[in-house]
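See structure below.
Just follow the structure's listing: the first ligand is 1, and inside any ligand the first atom is 1. Hydrogens, waters and symmetry mates play no part in the numbers below; they use all other heavy atoms, side chains included.
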Amino acid sequence: MSKRALITGIAGQDGAYLAKLLLEKGYRVVGGFRRGGWSEFWRLREMKIENDVELRPFELMEYSNVQRTLEKERPDEVYNLAAQSFVGLSFDQPIHTTTTNAIGTLHVLEAIRMVNKEIRFYQASSSEMFGKVTDALQSELTRFHPRSPYGVAKLFAHWATVNYREAHGLHGTNGILFNHESPLRGQEFVTRKITLGLARISLGLQQELVLGNVKACRDWGFAGDYVDAMWRMLQQPQGDDFVVATGQTHSVEEFVDAGARVAGVPLEWRGELADREAIDTRTGAVVVRVDPQLFRPAEVDTVRGDASKARRLLGWEPTVAFPELVALMMEADLRRARAGVDL
Ligand code: NDP
Ligand code: GDR
């Protein structure tokens, strides 16, 4: 009989990639979504799986809704991807972020304990938990020092998952995933903001791209690779914690440069951090500008992950390197901008 998976947050970037992967593996996939506008399933449509996933209204903050979903759908595996996932917003909405990301996760763990302790549970932990990093390379053993309400809430959920594993014997796993991107990334995140902005600038549809801290560095991988790691984790005999990362780090400015090369916009940077800007060398016009108002109250300056445990125990490897990732996103946004499509 085919396995059943419940994915919370199915309408998000990772939900779409994970659902596609599990369907290809023969799973029955149930996806929890919040009711919103007409565009809520655009990612599932892009992946051409909208009709293959069984969609259920699902609200993480409604405990009885979570429990009833488990009772009714009887999943073998639950992937808890639902979250307020935008770090920047978490400074303005710390309580909403914390209740969703921390208590929401506890709802799922508690419901699994009540309904069926055999259900395997994946928690979407994050490199944001490392925050003010103490080790040059962050592994499962690195000390946590979150720098945002988002990171603090994810750390609660992380430890709650460890605790349900140790206290109640749940098969609970934390995937400590570093930033992963794709053409399905939300526009609020810096990579998509850049590829969308540069695509529009190169076609004359937008004058400039305004960014925050362009010196911040991230370990950026491809979402398609990272959902494969999620699945591999839940096939392990016991719950565990795994870092998933490429081991390479690049600044936001380097992402802009790589995207501009694909878009055919020659850039030259000038100025210090707060008034940094890039001109189009053909015209001298400023096309990228830093606005200090977009700086975060506390920043994660740099992260770089050590995924050697995932390589060793899961046989996982990233397949898309930084230049290909940028090109993949840039080309998708150039196509969309030319077609007048806004996703
Ligand atoms: P997205 O923001 O694209 O997707 C998150 C989904 O969660 C959205 O569809 C959202 O619904 C849903 N959601 C939010 N609040 C609730 C709620 N109260 N009840 C039910 N659903 C809710 O995130 P990603 O796909 O990028 O990330 C998936 C998970 O992985 C998140 O938990 C994120 O924090 C974590 N993560 C992501 C990383 C990344 O680089 N992408 C790295 C490390 C961790 P709606 O569409 O209605 O808003
Ligand atoms: P992050 O991703 O906070 O790492 O969280 P984001 O793309 O938002 O920011 C990355 C870095 O870029 C800097 N930055 C900007 N960020 C945004 N969003 N917009 C800008 O204009 C801008 N300019 C510079 C930020 O300051 C930051 O340093 C993502 C999310 O997917 C989380 O859910 C996940 O847990 C972590 O990755 C790992």
Side-chain angles (χ1 to χ4, degrees), residues 7-18 31-37 39-44 56-62 65-66 69 79-91 96-97 99-101 103-105 107-108 122-131 146-148 150-151 153-154 157-158 174-182 184-194 197 209-223 226-227 230 244-245 251-253 255-256 288-303 305:
I7 302 175
T8 76
I10 190 84
Q13 170 190 260
D14 290 7
Y17 278 98
L18 179 63
F33 74 100
R34 293 194 295 181
R35 287 200 178 276
S39 63
E40 63 198 2
F41 301 130
W42 68 271
R43 294 184 173 96
L44 301 180
R56 304 281 183 264
F58 181 88
E59 171 52 64
L60 211 47
M61 295 319 298
E62 195 73 45
N65 185 203
V66 178
T69 304
Y79 295 85
N80 185 36
L81 308 185
Q84 192 302 91
S85 71
F86 185 28
V87 174
L89 182 69
S90 78
F91 290 99
H96 166 70
T97 302
T99 47
T100 307
N101 297 3
I103 305 303
T105 303
H107 285 171
V108 185
Y122 173 86
Q123 169 56 18
S125 280
S126 164
S127 53
E128 276 295 298
M129 302 184 315
F130 296 122
R147 296 271 284 168
S148 61
Y150 169 90
K154 282 284 180 181
H158 179 90
N174 287 301
I176 309 173
L177 270 49
F178 283 58
N179 299 54
H180 45 279
E181 320 293 313
S182 74
L184 302 188
R185 191 57 145 149
Q187 294 183 16
E188 64 273 42
F189 301 99
V190 77
T191 55
R192 233 356 259 305
K193 186 173 169 183
I194 293 167
L209 170 64
V210 182
L211 296 172
N213 177 7
V214 292
K215 294 297 178 191
C217 292
R218 290 292 182 275
D219 179 333
W220 278 298
F222 172 55
Y226 286 44
V227 299
M230 294 178 188
V244 178
S251 67
V252 171
E253 195 169 301
F255 196 105
V256 173
V288 186
R289 184 167 61 80
V290 166
D291 180 352
Q293 293 213 42
L294 295 177
F295 292 174
R296 292 177 180 172
E299 177 65 289
V300 173
D301 295 322
T302 185
V303 284

| field | Best match, G9, A82, A16: closest heavy atom to atom 21 (N) of ligand 1 | value | A82
| said: Within the structure provided, determine whether V288 and E253 are in side-chain contact (heavy-atom separation under 4.5 Å). | reply: no
| field | Check: Y150 main-chain N/O paired with S90 side-chain donor or acceptor under 3.5 Å | value | yes
| message | Looking only at distances, can you tell me whether any N or O atom of T100, backbone or side chain, sits closer than 3.5 Å to an N or O atom of ligand 1? | response | no
| task | Would you check whether T191 has a nitrogen or oxygen atom less than 3.5 angstrom from a nitrogen or oxygen atom of ligand 2? | result | no
| said: Would S127 count as a polar contact of ligand 2, with the cut-off being nitrogen or oxygen pairs under 3.5 Å? | reply: no
| query | If only atom types and distance count, is the side chain of E59 paired as donor or acceptor with the main-chain N or O of M61 below 3.5 Å? | reply | yes
| task | Look only at interatomic distance and state if N80 has a nitrogen or oxygen under 3.5 Å from any nitrogen or oxygen of ligand 1. | result | no
| query | Can you find a non-hydrogen atom of R147 under 4.0 Å from ligand 2? | reply | no
| query | Would you say ligand 1 has an N or O under 3.5 Å from any N or O of Q84? | reply | no
| note | The option among V87, N179, V303, V214 carrying the non-hydrogen atom nearest to atom 2 (O) of ligand 2 is N179
| Check: G15 N/O within less than 3.5 Å of ligand 1 N/O | no
| Donor-acceptor pair between D14 and H180 side chains, under 3.5 angstrom | yes
| query | Is there a donor-acceptor contact under 3.5 Å linking the side chains of Q13 and S182? | reply | yes
| So is G88 close enough to ligand 2, meaning a heavy atom under 4.0 angstrom away? | no
| said: For ligand 1 and H180, I'd like to know whether there is a polar contact (N/O to N/O, distance under 3.5 Å). | reply: yes
| request: Do me a favour and list the nearest non-hydrogen protein atom to atom 23 (N) of ligand 2 with residue, atom name and distance? | output: G212 N, 2.8 Å
| task | Find the distance between CH2 (W42) and CG (L184) and round it off to the nearest 0.5 Å. | result | 5.0 Å
| How close does the nearest protein non-hydrogen atom get to atom 1 (P) of ligand 1, and which residue and atom is it? | S85 OG, 3.6 Å
| said: Give the atom numbers and elements of ligand 2 that come within less than 4.0 Å of a heavy atom of S126. | reply: 34 (C), 35 (O), 36 (C), 38 (C)
| Please state which protein non-hydrogen atom is closest to atom 26 (O) of ligand 2 and give its distance, to 0.1 Å? | E299 OE2, 2.6 Å
| Is G12 close to ligand 1, meaning an N/O of one under 3.5 Å from an N/O of the other? | yes
| task | Pick whichever of D14, L294, V210, N213 has a heavy atom sitting closest to atom 13 (C) of ligand 2. | result | N213
| Going by an N to O cut-off under 4.0 Å, is there a salt bridge joining K193 and E181? | no
| request: Indicate yes or no: does an N/O atom of A83 lie under 3.5 Å from an N/O atom of ligand 1? | output: yes
| Among N80, L81, N174, the one residue meeting side-chain contact (heavy atoms from CB on, under 4.5 Å) with Y122 | L81
| note | protein heavy-atom neighbour closest to atom 21 (O) of ligand 2 works out as K193 NZ, 2.7 Å
| message | Given 3.5 Å as the limit, does a donor-acceptor pair link the side chain of R43 with the main chain of A11, or not? | response | yes
| request: Would you please classify the geometry between the F178 ring and the F130 ring as parallel, tilted or perpendicular, with 30° and 60° separating the classes? | output: tilted
| query | Closer than 4.0 angstrom: is that true for some heavy atom of F86 and an atom of ligand 2? | reply | yes
| message | Using a 4.0 Å cutoff against the non-hydrogen atoms of A124, which atoms of ligand 1 qualify? | response | 29 (C), 30 (O), 32 (O), 35 (C)
| message | Tell me the protein heavy atom at minimum distance from atom 3 (O) of ligand 2, and give that distance in Å. | response | R296 NH1, 2.6 Å
| Is N179 close to ligand 1, meaning an N/O of one under 3.5 Å from an N/O of the other? | no
| query | Is the side chain of K154 donor-acceptor paired with the backbone N or O of S85 at a distance under 3.5 Å, no angle test? | reply | no
| field | Contact (N/O only, under 3.5 Å) between Q13 and ligand 1 | value | yes
| query | Under 3.5 Å, is there a donor-acceptor pair between the side chain of D219 and the main chain of G305? | reply | yes
| note | Nearest heavy atom to atom 18 (N) of ligand 1, choosing from E59, M61, E62, belongs to E59
| task | List the closest protein heavy-atom neighbour of atom 18 (N) of ligand 2: residue, atom name, distance to the nearest 0.1 Å. | result | E188 O, 2.9 Å
| message | Could you report the tightest heavy-atom contact between A157 and N101, atom names first, then the distance? | response | CB-O, 3.5 Å
| query | Donor-acceptor pair, T100 side chain versus T97 backbone, under 3.5 Å? | reply | no
| note | Residue, atom and distance of the protein heavy atom nearest atom 26 (O) of ligand 1 read R185 NH1, 3.4 Å
| task | For ligand 2, indicate whether the residue L211 contacts it via side chain, backbone, both or neither (heavy-atom separation under 4.0 Å). | result | both
| So which bit of R185 gets within less than 4.0 Å of ligand 2, heavy atoms only: side chain, backbone, both or neither? | side chain
| Under the 3.5 angstrom rule, does the side chain of Q84 hit a backbone N or O of F86 as a donor-acceptor pair? | yes
| How far apart are the closest heavy atoms of S251 and W220, and which atoms are they? | O-CZ3, 3.7 Å
| What protein heavy atom sits nearest atom 14 (N) of ligand 2, and how far off is it? | V190 CG2, 3.8 Å
| Of all the non-hydrogen atoms in the protein, which one sits nearest to atom 34 (C) of ligand 2, and at what distance? | Y150 OH, 3.4 Å
| request: Give the residue and atom name of whichever protein heavy atom lies nearest to atom 33 (O) of ligand 2, and the separation in Å to one decimal. | output: S85 O, 2.7 Å
| request: Report the part of A216 in contact with ligand 2, treating N, CA, C, O as backbone and CB onward as side chain, heavy atoms under 4.0 Å; options are side chain, backbone, both, neither. | output: side chain
| So V252 and N213, side-chain contact (heavy atoms from CB on, under 4.5 Å) or not? Walk me through it. | CA-CA 8 Å; V252 171; N213 177 7; over 6 Å; no
| query | Polar-atom distance check: S127 versus ligand 1, any N or O pair below 3.5 Å? | reply | no
| task | Enter the distance from R56:CZ to T69:OG1 here, rounded to the nearest 0.5 Å. | result | 9.0 Å
| said: Could you check whether E128 pairs with R147 (Lys NZ or Arg NE/NH1/NH2 to Asp/Glu carboxylate O, under 4.0 Å)? | reply: no
| note | If you compare L81, V66, I10 by their heavy atoms, the one closest to atom 29 (C) of ligand 1 turns out to be L81
| task | May I ask you to list the atoms of ligand 1 that are less than 4.0 angstrom from any heavy atom of S125? | result | 43 (C), 44 (C)
| remark: A student comparing F41, Y150, F86 should find that the heavy atom closest to atom 34 (O) of ligand 1 comes from Y150
| Looking only at heavy atoms, what is the nearest atom pair of G151 and M129, with distance? | O-CG, 4.0 Å
